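Read the structure below first, then the notes.
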Amino acid sequence: MTTFAQNLSGQDERPNRPSSGALPSIEYDLIRAHVFASLVTLVISVLFGITVATKFSFPEFLGSHAWLTWGRLRYNHTQGIFFGWLGNAFLAFFYYAVPRLANRPVLSRKLGWFLFWIWNFAVVLSGWTLVAAGFSQPLEWAEFPLVVAAFVVLAFILMVFEFVLPFLKARLSDLYVSGWYIIGGIIFTMLAYPVGNVVPNVVPGARGAAFSGLWIHDAVGLFVTPFALAIAYYVIPATTRRPIFSHFLSMVGFWVLFFTYPLNGTHHYVYSAIPMAAQKGAIVASAYLGMDVILVVANLLLSLRGNSGTASKDVPLRFVWFGVVSYLVVSLQGSIQALMPVNRFIHFTDWVIGHSHLAMIGFASFIALGGIAHMWQRIPGTRYNERMMNWSFWLIAIGLTLMVTDLTIAGLVEAQVWQSSAPWIDSVRAVGSYWLVRTLSGLPILAGFVLFWTALVTGPRSETVTSAVRPVAAEEIVAFENGSTASQEFSWTGWLSHAHVVAFGAGVGFFALSFLVLAIIPGKELENEIKQVAPVTMATLTASEQRGRVIYGREGCAYCHTEQVRSLAADVRRFGAPTEPWETKYDYPQLWGTRRIGPDLSREFNLRPRDWQLTHLYNPRLVMRDSVMPPYPWLFDSSPNQPTQEGLDVLAYLESLGRARQLSGFDRQTLASTVRSNTSEAAMASEPLARATPPSIPIAMIGGYSSSTPVLHPSSDPNGLQEEVNHGGILFAANCASCHGSAGRGDGKASASLLPKAANLTAARFSDERLSSVLWNGIAGSAMPPWRQLPAEDLRALVAYVDSLHVPSAAPSTQDVKNLEKGKSLFAANCASCHGDTGAGNGPAAGALAPPPTNFHLKKPTSERGWDVLENGVPGTAMPPWQSQLSADERSVLVEFVRSLYGPPQETAGQ
Amino acid sequence: MANNIGSDHQSRPPIRLLISVLLLGTLLAWWGTRDHRSLFGESLREPVAAANTALPEATPEESVLLDRGSQISQRQCAGCHESATRSSAPSYQEIVAFYRRGFSTSAGNWDLRARLASAVTHPQPGWGNFEPGPPESGLSLDDRIALASWILNSSDQNKNAGQGAGQ
């Protein structure tokens, strides 16, 4: 005990330092209230999370109510963890630790209860309700609407009075490290929170994203981290009764952390339109941050040396130890994933989701749980149940390890698919089983949290509560001295541990520095560039598009779909030209997004037909069997054909994405020539033709014709053919059956709301040329997309399968020459203006029609189909019904004539 | 408890740890901020702002060229184009920014000048939503190179002048 005695005697000059047990009072009721609130919100937030995770595997699960939808629950999951769980847990710890560290009570008990009510009812509860009701803002870690944000800011201001003021008043010459983290964290977050919430609403697009990016990281780095570290720095010496390993490391750790953390934010937008200098600055800061965490964690773990027995016996300490180790792992992971060569692959994948769960559960929650359990043993009248506490630790630890491992691997799998030319849906299919494991891994975590709660309320009641306010036990204070030898050695750094220096340096100073360096300066640069480059005539969003944008944000679309193409070949090849700052000129607030579960949407203009979009929005699985996107039936009047105004607004917004760029002609520059065609990714393509599309133009669903369509002939060998047909059948079921029906009759689930309807593939014989062309290019003006991302052998198998659907009629039709002559003249009189003189679909009017008129040399309808078309027309195309113009005889003659055209054209007028 | 036994030695390991950790961080930061796109067989442009670096000074023999370019611009282009502000046609700065895209800075000024020289005839009318310019300027290749040099030089000077005024 010599060190403690020395320390105590060395601190005599401290004001109010008691020599006996007369210590500052502590608000035990507030601690208990906040612990209770934290655990209630924790369990609710985890339930939100598990529901959200379940929707990945069962997209229809609880899918028909707007407030139970993926987007809104996800907002409530993260905000609940942030404000409800961690916020309350930290507040409880402040009431416990601040009086001990500052040697003064907190400012006021009344203020404390006021803060409690604001925090839990004006922030958490009303925030959840408003988000569920559809009043949210689509900004990460700022999803609660601005009304709620105002209360958050108020709460932080009150926290400054309640917790920081005692430190400032105490004028301690040598404040313990936990105190620095509490002061710095409260001041910094009080300043950063409003900036991250308000500025992106008034500063558009890329410039707003620079601010958003900062706040995304500040939320974790300067709210969660400092308070969790304050707990770790508190619990470890308090349990081991030994001072922390090195005062010097505490000090370096703290100041470097507060300097580098705020400079991290832009690493969420690497290869984006934000100036490269800002991106690289953030990456450098991220690298050093991880290194600083090595120092912090080394300091904490070295403080435990020789105490492994205590750590394994004392469950709160074990929670904290696990949290500290997770902190090291998650920070080093963070440093590495911010580096450009790594980030380009793993960004937007589940890897990052694993990372954030490791940070929020592994680091922050474990330490917060440890802190609560530690307090619980030292508050009068409360003790936890040792056995349950122990079980709780193992359940959460196992669940978390499983979840993080699973998501990390899932992220790598997604990254690999995204680098290839495989269709987007393949990446969703590839990680389906990982998502299921992730959901299951949430169950032990939830059980662990519930058990923790139970442990707190079922502990042995050895002591009855006599008074709400009790003095601090004297011996606890002794551990919180900064190591005496170290303080002497580095006496010149003593001023760094003053409360005022921490508040104004780490809190105010570094806040101002980070927003200046990473938001204001790049923002100015972007503003100038936008002024110079943006087309003068760039149109703002229409009222409908603007409303659609709000709905898009409200439903959380931006959490699965990015609206930014990074300047990377894989992105450009898949989605189109990289997003430029000027394109985001009117985006209030930015919706760039940091995760891609679905594809990027920033080049959606002119990409897909409206009927497809609406059907897909109504229920994505109508057109895409394996999609995990939530259905949005409340934007429709019970049918995809009948969108409400809101549905139309969303459609209008989707169709406006990328419009400014296409209309401005920016893409006419020779971007194609600057992307080398012999990229390494090209080697993955199954044949050179797969690269024929210019990389700057995404493969559009309509109008994206490629001149180099290959003709895919199925195998001539019967065994090979059978194999291809079987393979094609599997592909057809996965990709085509949702529209064309499982038997290809054009009666799939989506066919009801598509116009023109999906083709009945059994009602005509198609040539290989026709099928290849449709698979390669899609059909303009219809919902048929191009499938040229599929490997050539898959396309060939599909051709073989569709060929096999057509059963030639046993009795050949009577093709009498006289009838054919009559048919020819009827055709010339009525049909040739669109279908062309020779029936090749190239009449003078054909150019303006989408879908184009049928080329009868490549498609031979069955008699029934021909008859049906002449009678009823083809809804959704330019083909009218001929019932009133032509007699039944004439029509049957025409059908015979048209069927006779199949095969190579007589003249070479052709295509 | 032997807490003060190791305390004399405590100060040294932390400093060593600090130094080695900072070195490692520097290494990571250096590796992580290099443009690895060439490593992956890509040569995509960087975001526009990052590519805007200063152009080299004009050599003496170029000054003749610049004079000639200046004259031509006064005679044939000044009706629509201005150096830094948008009028009925894009500003020269904007034009340079437009054609600079896709050129890494190391490719130098010459490629860009060749590109601009061919742009004098308005080969991509309508970008930026301006009215298309006249396609046939009646200029020889030499004239066009002179004009391109002048445009590059003046847009650079404007930038430098702006910076000078700022200081």
Side-chain angles (χ1 to χ4, degrees), chain A residues 1-3 242-243 245-246 248-249 252 272-277 280 283-284 287-288 290-292 294-295 298 335-336 338-342 344 483 485-486 489 525-526 529 532-533 535-538 567-569 572 578 580 663-666 668-671 673-676 678-681, chain B residues 1-4 6-11 13-15 17-18 20-37 39-52 84-86 90-91 93-94 97-99 101-104 115 123-130:
Chain A
M1 299 297 283
T2 46
T3 316
R242 285 198 325 194
F245 170 69
S246 158
F248 172 74
L249 281 184
V252 173
S272 75
I274 292 175
M276 198 42 102
K280 288 187 173 172
I283 293 165
V284 171
Y288 283 115
M291 300 304 110
D292 183 55
I294 296 181
L295 298 182
S335 285
I336 287 165
L339 306 178
M340 293 176 94
V342 183
R344 71 205 309 281
T485 45
E489 186 132 333
E525 200 175 318
L526 287 169
E529 191 199 330
Q532 283 187 10
V533 181
V536 265
T537 51
M538 183 177 169
S567 43
L568 289 171
V572 169
E580 305 224 20
L663 295 185
S664 74
F666 261 79
R668 266 176 262 165
Q669 61 175 303
T670 52
L671 199 129
S673 68
T674 65
V675 181
R676 265 184 273 148
N678 57 341
T679 53
S680 58
E681 285 90 343
Chain B
M1 278 185 263
N3 285 317
N4 49 355
S7 55
D8 292 336
H9 308 285
Q10 269 185 21
S11 58
I15 293 179
L17 188 61
L18 172 67
S20 49
V21 145
L22 286 182
L23 281 177
L24 184 60
T26 312
L27 202 68
L28 273 183
W30 170 78
W31 186 71
T33 51
R34 286 169 66 223
D35 194 344
H36 285 71
R37 281 179 282 186
L39 202 75
F40 301 103
E42 295 169 31
S43 65
L44 274 169
R45 67 181 185 80
E46 294 203 337
V48 182
N52 278 344
T85 48
R86 305 169 68 89
S91 70
Q93 276 185 2
E94 209 173 328
F98 183 92
Y99 284 96
R101 268 183 226 112
F103 283 84
S104 66
R115 238 182 148 194
Q124 299 185 44
W127 64 261
N129 268 4
F130 292 103

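Lettering follows sequence order; numbering is per chain, from 1. Please read all numbers here as calculations on a predicted model, not as lab measurements.
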**Report entry** For A:Tyr288 against B:Leu22, the heavy-atom pair lying closest together
**Finding:**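 A:Tyr288 and B:Leu22 have their closest heavy atoms at CE2-O, 3.6 Å.
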
**Report entry** Shortest non-hydrogen contact between B:Pro14 and A:Ser246, atoms and distance
**Finding:**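 The pair with the smallest heavy-atom distance is CG-OG, 3.7 Å.
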
Query raised in the report: Using non-hydrogen atoms only, which part of A:Ala338 is less than 4.5 Å away from chain B: side chain, backbone, both, or neither?
Result: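 For A:Ala338, no heavy atom lies under 4.5 Å from chain B.
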
Query - Atom group of A:Val284 that falls short of 4.5 Å from chain B, counting heavy atoms - result: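 Its backbone and side chain both get close to chain B.
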
**Report entry** Which portion of B:Leu27 sits near chain A, non-hydrogen atoms under 4.5 angstrom
**Finding:**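 Looking at B:Leu27, nothing touches chain A.
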
Report task. Please identify each residue that fulfils side-chain hydrogen bond (donor to acceptor under 3.5 Å, both in side chains) with B:Ser20, with sequence neighbours left out. Result ->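 Partners of B:Ser20 by the side-chain hydrogen bond (donor to acceptor under 3.5 Å, both in side chains) criterion come out as none, since no residue qualifies.
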
Requested in this report: Please list, chain by chain and in numerical order, all residues satisfying side chain to side chain contact (heavy atoms under 4.5 Å, CB included) with B:Leu28, sequence neighbours excluded.
Outcome: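 By the side chain to side chain contact (heavy atoms under 4.5 Å, CB included) rule, B:Leu28 matches A:Ala287, A:Met291, A:Leu339.
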
Requested in this report: With a 4.5 Å cut-off on heavy-atom pairs, point out which of A:Leu295, A:Val252, A:Ile283 contacts chain B the most.
Outcome: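 The residue among A:Leu295, A:Val252, A:Ile283 with the greatest pair count is A:Leu295.
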
